[in-house]
Amino acid sequence: MSQVSEPIDMDAPVRVDAPARAGVLVEALPYIRRFRDAVIVVKYGGHAMETPALARCFADDIVLMRSVGLRPVVVHGGGPQIGALMSRLGLVPEFRDGLRVTDADTLDVARMVLVGKVNRDIVSSINVHGPLAVGLSGEDAGLLLASARHADLGFVGDVEAVNPSILHRLLAEELVPVVSTIGADASGQAYNINADTAAGAIAEALGAAKVVYLTDIDGLRLDVADPRTLVSRVVASELRARIRDGTIEGGMIPKVTACLHAVEHGVGSAHILDGRVPHVVLLELFTDTGVGTMVAPDPDTGPGIGP
Ligand code: ADP
Ligand code: MG
């Protein structure tokens, strides 16, 4: 299991002298100019959401992005929170060939937890700073059209299409959309969609400058147990080889698959970052510090990754 090297006391005052503070702001300036008006999709979930201090940092980061003219869109998961309510309700998860089956009761719980609780918590933590965030489900205004992944898996959905018009409207009003990844098919049947996959599809539909995945590890590693094997930059063809050779497993698979698809369909770059590190999104966006793993298109196929 990965660990942050040193515990960080987020309430301790940061002791940085005045020139260094000014330097940080000056360093941010070219990035702020470059990303002005850019859509940045941030997938938030799991461990980065678990402590109130980290949730506050995340809200600060989103509000700061919005305040300097970027257009953040939050897409969230909530697997652990769904599991916790299922066990409180005495619902036993059913697995078929190692995959969790989403029956009607499980779908109800997932939808209640994601749309009714996790989404609300994120929206209210952002709105402590001002009336900025609007929560919505993929069912709203036809945002996520879903189809059943497999008849045996019940209501697990794939993204059939994204209709981003509601997001464009909210962004035009300078609001911050916060999306739960429940989709609906043409008949109105709801499906639970993997949040990593949905975040990539939404980034593509919006032509986002970046899609950023906050997770519980410092990025993609060649050996998941060894932090020294962190990959700071990878191009699409190499990433594909790493999926084939089994370097990438479990929950990292939908993330890197979504990153690959996104950078090959018009998203400038995709990033996998350690959501347990306070303000990691700001480090990635506004500083020269390289953090996490950046996925870029192959030089000759992609639309270019900028200077
Ligand atoms: P999230 O809640 O962010 O979706 P997941 O648990 O689904 O988190 O996915 C992240 C996990 O993927 C990591 O904690 C790690 O155990 C696993 N993983 C598998 N292969 C790799 C790899 N090559 N590099 C980094 N993490 C990996
Ligand atoms: Mg996951």
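Here the structure is a predicted model, which is why all the values come from computation and not from measurement. Counting starts at 1 for both ligands and their atoms, following the listed order.
- In the vicinity of I217, heavy-atom distances shorter than 4.0 Å reach the ligand 1 atoms 13 (C), 25 (C), 26 (N).
- With respect to D226 and R221, no salt bridge is recorded, no charged nitrogen being found less than 4.0 Å from a carboxylate O.
- Note on R169 versus E173: no salt bridge recorded, every NZ/NE/NH1/NH2 to OD/OE distance being 4.0 Å or above.
- Looking at Q189 and S187, their side chains never bring a donor and an acceptor atom within 3.5 Å of each other.
- Neither the backbone nor the side chain of M49 has any atom closer than 4.0 Å to an atom of ligand 1 (non-hydrogen atoms only).
- Here the shortest heavy-atom distance to atom 19 (C) of ligand 1, taken over E249, R221, R242, K255, belongs to E249.
- Heavy atoms of L220 found under 4.0 angstrom from ligand 1 belong to the backbone as well as the side chain.
- Looking at V224 against ligand 1, only its side chain comes within 4.0 Å, counting heavy atoms.
- Proximity of G219 to ligand 1 is established by a heavy-atom distance of less than 4.0 Å.
- Aromatic ring orientation, F155 versus Y191: perpendicular (interplanar angle above 60°, classes split at 30° and 60°).
- In summary, the atoms of ligand 1 found under 4.0 Å from a heavy atom of G251, numbered by their order in the structure, are 5 (P), 7 (O), 9 (O).
- Near K43, with a cut-off below 4.0 Å to any heavy atom, the atoms of ligand 1 are 4 (O).
- Ion pairing between D121 and K117 holds under the 4.0 Å rule for side-chain N and carboxylate O.
- Under a 4.0 Å N-O distance rule, the pair D274/R276 qualifies as a salt bridge.
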